[in-house]
Structure formats: C-alpha cells, structure tokens
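This report concerns only the one structure given below.
By convention in this document, chain letters (A, B, ...) are assigned in the order of the sequence lines, proteins followed by strands, and residues within each chain are numbered from 1. Note that these values count all heavy atoms, side chains included, but never hydrogens, waters or copies made by symmetry.
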Amino acid sequence: MTTRVGHAVFGRPAHPRFPSIDIPEPKMTLLIEKSAPRTQEKPHKVRGKVRLREHLMGWLFVGPFGIVFLAFLIAPLAYALYLSLFQKKLIGGTSFVLLDNYVKAFTDPSFLSGSWFVIRFSLVSIPLQIIAALAMALILDAVTSLFTRFSRLMIFLPYAIPTVIGAVMWGFLYSKSFGPLTDIFGLFGATPPDFLSSNLIFYGLVNIVTWQWAGYYMIILYAALQGIDPTLYEAARMDGAGRWQIALRIKIPLIAPALLLILVFSLIGTLQFFNEPQILRSLAAGTIGPDFTPNMYAYQQAFALANFNYGSAISFALGGIVFIGVYAFLFFTRKRRSFL
Amino acid sequence: MKNRRVLAAAVVLAAATALTACASDGGASGNNAGGNNASNCTNTIPKKNLPVVTMWGWYPNMQLVVDNFNKQNNEVQVCWTNVGQGSDEYDKFQTAISAGTGAPDVIMIEMDRIPTFQIQNALVDIKKYGFDTVKGDYSEGAWKDVSVGDAVYGVPVDGGPLAMIYRKDIFDKYDITPPKTWDEYEQAAQKVKDAGGPLFGDFAANVSALTMALQIQKGASPFTYDPAQPTSIGVKLNDQASKDVLDYWARLAKKGLVGTQDQFTPEYISGVINGKYATYISAAWAPGYLTGAGVGKGEDSGKFAVAPLPQWDAGNPVQVNWGGSAFSVTSQAKNPELAAKVAYGLYADKESLTHGWTNQIIFPLNLKALNDPEFVNLKVEFFGGQQANKEVYVPAANAYKGVTYSPFGQYYFDAMTKQVSAIIEGSVTGAQAADRLQEDVVSYAKEQGFTVQ
C-alpha cells in the first residue's frame, strides 16, 4: 500500500483521560468561529477592520501550506491531466486526442485485469485485516497484564518496518532454498507451497499486507476502545451483560466510526497497490507482470515505455475507480460515520 | 499585541519565502543532478582545466577505467556516475529523454537497446567523428550490433557469446559428456533424471534476451528494420524456428528435466552453488557475474567447466549472443565530437582491457584484447584452469554474425516474459505462445504508428 494516514482519529477528549473519536475536529473550529464575534461587543466599523486584519492573518498562516499544496499536489495533478489528453507515438509524434486514452484504458485487458485483481484483493484482504485487528484490539482491551503492553508493541511492530523491507523479507521467507517453509513441510514429508508462483501469489501478498497493516489498524481500534467511558461497562454489567455481550453490544457499536475509518484507509491503499508486488517482481518476474496492478501498469507505461500520456490516463482512470469505490462506500455508511 | 501580530506575520512571510526559495533551489539542482552536472562525479577529475564529458555506466571496474582514461588523455576528462544496472539505468535515461534534459553525454547501454533509444533520436551517429581510426579494432558482427542501417550508435565494449557452463562433478557422476546438439542435451537431461539426479538446466521467464538468442540460433530473425524506411518494420516472432525452440524448452520443463526458476535471483544463484542445475546456458560474462554473486568460492570451487553451445545442426553450427554492451553518445551531449572521443577511447586502453578480462568483468570485443595471446590462452580460474577463451568463447565470438534488434525492445521482452510464464504455468504450448507474442507485439507496433510487414 502506498498511503499512510495517521493520527486522524484523535479528536477532542470527551473524557479527561481518554481521547474520543465521537466528536470531530471541524465542529470545534466552527464553534470557535461562531463564538468569536459574540464576545466582541464593538461598533460595526471597528469590527470590519478587525475582520479584514484577521482575514489577512488567516491567509498568511494558510500561505505556506497553500503554496506547497498548489506546487506539489494541484500543479502535478493538473499537469498529469493535461498529459493524459495527448497521445505520443514512436512514429508520428504527439497529438491531441481528448479522451481516447481513457477509452483505450477501459478496453485495455492489462488495465482491466489489474483493476479486477486489486478489487478481488480488497475483498479478501481488507476483511481479513480488519477482523484480525478487531480481535487483537478487543483482547488487548479486555485483558490487563504485564504482557499486554509488550504484545501491543509486537503486534504494531510490522507497521514500523518499511513496506519495501517487509516485502524483501517475505520474499526470502517464501523462498524454497532459504525460507523455513521447506523445513516445516519437510517434517511431514510434504512439498512446501510456492507463494511466488502464479497460483499462490494472491495469498502470498494477502499475507504480507495483513502482517504489515493489521497491527496499525489494531492501534487505531485500541485507541478508540480506550476512549469509551468505563461507566458504560459498569452499567452493562449491572444489567447482567457478560464479557461477550459487552464486546458485541457495546464496544463494537461504539467504535464503529473507527472501523469505518480504517476501512476507507485500507480501501484506498489496496486499490493503489504497488510497493509489495513491485518488489517481489525482482524475485518472480514471470508471476508478477508489469501490468499486475493498475499503479504498476501506469509506472511501466510512463517510465519504461516512455508513454507518459497513457501512464497519466491510467493513473486518472484508477483515481476514478478509487473515488467511485470510496464514495459509494461512504454513501452507504453515511448514517454511521462521524469522522469525515 | 499589535507588534506581536506584525512580528508573527513577518515570521510567516519569511518562512514562506524560505520555503519557496528552497523549492526553486531544489528544482535547479534537481535538473542537473540527472547527468549533465559535472560537479557530482563519482570519480575525481585530475586535470581540472580540461573540458568534461559526463557518462553513466555500471561495469564493476568503471572507476579504474575512468581513472586510466583521465590519466592518459590530455584533451578531455570523464565525469562518471553509476545510476544503476540495466533497467534501472534505462528507466532513468528514458525519463531524461522524455524530459529533454538530464541525460549524460555518454552512456553505457546493452546493444539490444540501441534501436529502442535510436528511434527516439536519443543517440548520435558517431560515424562522422573519427570512426575510421577505430573501425579495425572490432569485428563486423560487433559493429552490426551497434548499428542501425549504416549509422553507428555505439562503440562495442563487452560481448556475450553464448556457451554451456556445466558442473563437472555432476557430469562425472552420471557419466555424461557435454552434449553437442540440443537432442543430445535432452537425452542427457533424461539420463540424469532417470538416475535420480538434479535438474539439467533452467527455462526462465525473465531472460527474454536469452530466449530470443536461442530462437535466432535455430534460424529465427525476429525483426527486420530498415532505417531508410523508419515507419515500417518486419515482425516475425511465430515462425517455425521460434515455435520449435519454445516447444523444446516447454517439453523439457513439463517433463521436469529443467527448472523454471527466474534467473538473477538469490533462489537461482543458491541453486547453482548447491548443484541443483547441471548446466547453465549463458554468456561469456556469466563467470564474472557468478563469481561476484559468490559462486565457485566454497565447496563448488573448481567444479565448473564450459563447453560450446549445443547446436540444432552439428554440421552447421550457429553462434549467438546474449547481452553485450557499448558506449553511446546521447543527443543531449553538449559537444558530441568530444563525447565521441570518450566513447571511442574509454575502456580501449590495454591496462583497462586487461583488468577487465583478467577479472572476468567483460568479454572484450576490442580485437587488441581478443587477439592477445595472453587473453586467448588464459587459464580461467572459475573453470578450474580450463582455457575457456581459446576452447569456447573466442571461436563463438568470431563466428557471431550480429542481429537486428527491435526499436521497442522493452515492450517485446516484457511480452515474451508474459508468454514464457504462461508456458511454464502450462496454460499454453510453445507454438501458441509464439502466436500470441506475435499478435501482442504487432498490435503494439501498429499502435505506435509503424506499418507492419
């Protein structure tokens, strides 16, 4: 996965000790803006001057961010969009083709099979990661011992390893000559599975991604769990709820916003799948082609085949798919979310 | 209060200007860091008052070669950077071509890539810059590989005549002599397998250039291209010879006689060290590469030998090449004439050449080395003292006729990888794979604006 988004969950503390995710940040700023004029009981003219100065200050503070944002996000995006409207041929040069590249992308078997792969991959790997993260978070939240802190760290650790290093490491673990699989399966006289073969690469990658990300999601969920007011548990217990019932009826519904948040993160990340397959490609070029995922295909077109135009078109087409996917997801879950 | 605000505003403003200043600074140095900037060489330039030519290359002894050149030359100095090997370098070069800036003056590229860059007008024809003085230093076949039509786009440095590297210990154990033909190769493989021995060779998806060479050996000629008519190209990837070769290897793989492991991977190298493969069909640069990867240094020391490449028709042997590299002058060179002088002179002095071949870093194409008795009679340590050059590589290099490579090498090789991978998976036969490859590459060629014959 390519994007790492962090620290988005910690909003205003509802409870003195624990961060909560129930009330989002934007509402807070809204509150302040509204209340600001109310405190200043001054004539209209003066207020106008203050306003102007405040506006100016606001722009000044936003300025540095705005410049960087324009220069490094908006401008490259606009340029890529512009590029994607042209076609460059080895013979005949560059010509304006409007949306031809997009028409081509959505009829290109390489792009379509790559997109289908990341969609299937999302459907399998995301639920797996979230179930694993949720189970670990609930256990760590329910059990208090010296061991929990250590476990929490250990489960989180894979996220601290760069994805590239993680992929290389798993490449070696999957190896038939260096990896432990040969020894383990050898004990039972069986041949080890080859996770770098075209039949099993899907599961090989699911495993790597789950290993890397489940711990991170666990921390988000764990933080959300810690933010729940403990009096709720007390009340539930007095009403006769057992541990399971507390987990299922109280904890999970209360951390639903955090669950949705990590779902969105993982959906965006998985649709842009790039690092892990690109690294494993050096070990299994036959299994992982240059068009394995849409992002890899865009990279290949732009940097190996000198076709920046088509590469940009693929990037935007993928962006479209991600946008539609995430938007549809947010639309169907709009009642539950409060984090965006 | 007011003062504070002004102060705050000033700080923010200063920070913003500092940021933008950084950005423009970064942009400027970023442009030059690509290749044209003579200030960030890996080597130190001894004669600082001379004009400088920048270059990219990845030979392991490049530092020494550049130092030798700079010491001996009083006209120009070389500023060298290693930006990565093979595809890594090509991707950077490709990006520099698209950007129109950032390429070095001289670049090391494999010969099969020359047409790919030439068609984008990224390389300079160096025939007009003193070609006649060095023409006699290389064979006809070597010049053909760096030429497109009559124009010359590179100076040959390193060749890759193919041969069969094999494990003496395995051959002795199973009582085999080196096969002279591909039929004998298959029989020997069967014999080793029946006796419970290791795999006989490897049919890998990621070595398209090797697969292409083996097809050419049987008579395939994948591309015909006449630069006088640059818009038309002949693509013939599914003729009988191409199909036969793919079917041959598909059969060996299916019977379990050869492995299907990707090469240049730790997995494959460990297999070679541990005697998992009885033979390794590879080029003359392979011993150097294997030594660098740690082969032949432990228990497997002195167990390797080399024999000529098996033939389809023992009466009419055909020799082919895998890889080999050259120095080309890029069209972004500030002074092409000076750059050509570097391309001709670098790695052409005796000291560099000798260091190159004694350490098996290159198989020299320069006839001064190729005909040097010391080189010919060298007892190669990797092959347990066998006179590999005399017995195998020099005759193979001399019989090599050259090949016409395609102007979209990267696409062709990727497409080939895809098809060979499908063969290995068992979803297509060799002949079907050749047909699909033909279809794939022809449609790409048409899309790129070529008329396909």
Side-chain angles (χ1 to χ4, degrees), chain A residues 53-54 56-68 71-72 83 87-93 95 104 108-110 168 171-172 174-179 194 196-199 280-292 299-311, chain B residues 2 5 8-13 15-16 18-20 23 87 90-92 94-95 97-99 116 119-120 204-207 230-233 260-271 273-274 276 407-408 410-411 414-415 417-418 420-422 424-425 427 444-445 447-451:
Chain A
R53 213 163 60 198
E54 277 182 353
L56 206 68
M57 287 306 291
W59 282 112
L60 271 173
F61 277 110
V62 171
F65 164 77
I67 290 165
V68 173
F72 294 106
L83 280 181
Q87 209 163 58
K88 190 186 150 212
K89 294 177 173 182
L90 284 175
I91 303 290
S95 55
K104 186 183 158 198
D108 184 341
S110 289
V168 170
F172 278 95
Y174 289 158
S175 158
K176 282 175 283 182
S177 329
F178 308 105
D194 182 2
L196 295 176
S197 68
S198 37
N199 296 329
L280 290 184
R281 203 168 124 66
S282 62
L283 299 177
T287 307
I288 302 174
D291 53 359
F292 193 67
Y299 176 84
Q300 157 85 357
Q301 285 291 335
F303 297 106
L305 298 178
N307 197 344
F308 284 94
N309 306 98
Y310 191 44
Chain B
K2 205 177 173 185
R5 279 203 176 171
V11 167
V12 170
L13 204 68
L19 263 177
T20 39
S87 310
Y90 303 144
D91 285 0
K92 288 192 181 76
Q94 186 60 69
T95 309
I97 295 167
S98 303
T116 304
I119 199 169
Q120 303 179 58
N206 71 337
V207 285
T231 59
S232 94
I233 187 167
T260 53
Q261 173 63 47
D262 273 4
Q263 294 181 11
F264 302 100
T265 57
E267 191 81 29
Y268 183 72
I269 292 299
S270 87
I273 293 176
N274 296 326
K276 195 178 165 189
F408 32 77
Q410 182 73 46
Y411 189 88
D414 283 343
T417 294
K418 196 169 167 184
V420 171
S421 175
I424 290 169
E425 213 183 287
S427 58
Y444 180 78
E447 192 188 294
Q448 288 300 320
F450 288 97
T451 322

Heavy-atom closest contact (B:Gln120 atom, A:Leu90 atom, distance): CG-CD2, 3.9 Å

Closest heavy-atom pair and its distance - A:Gln300, B:Asp414: NE2-OD2, 2.5 Å

B:Glu267 side chain vs A:Ser175 backbone, donor-acceptor pair below 3.5 Å: no

Contact origin within A:Asp291 toward chain B - heavy atom pairs under 4.5 Å: side chain

Region of A:Ser198 in contact with chain B, defined by heavy-atom distances below 4.5 Å: side chain

Chain A contacts, top residue of B:Ile424, B:Asn206, B:Thr95 (heavy-atom pairs, under 4.5 Å): B:Thr95

Audit row: B:Phe408, A:Leu305, side-chain contact (heavy atoms from CB on, under 4.5 Å) steps and yes/no: CA-CA 8 Å; B:Phe408 32 77; A:Leu305 298 178; over 6 Å; no

More than 12 heavy atoms of other groups within 6.0 Å of B:Lys418 NZ: no

Rounded distance (nearest 0.5 Å) linking atom OG1 of A:Thr287 with atom CD of B:Glu425: 8.0 Å

Heavy-atom pair count under 4.5 Å with chain B, highest-scoring of A:Lys89, A:Lys104, A:Lys88: A:Lys89

Option that, when pairs with chain A are counted at under 4.5 Å, heavy atom only, ranks first among B:Ala422, B:Ala445, B:Ser98, B:Ala205: B:Ser98

Residue, of B:Ala204, B:Pro407, B:Pro266, that accumulates the most heavy atom pairs under 4.5 Å with chain A: B:Pro266

Under the ring-ring contact (aromatic ring centres under 6.0 Å, His included) test, residues paired with A:Tyr299 that sit two or more places apart: A:Phe274, A:Phe303

Heavy-atom contact with chain A under 4.5 Å, split by part of B:Glu447: both

Over all atoms of both residues, closest heavy-atom pair of A:Ala306 and B:Gln94: CB-NE2, 2.8 Å

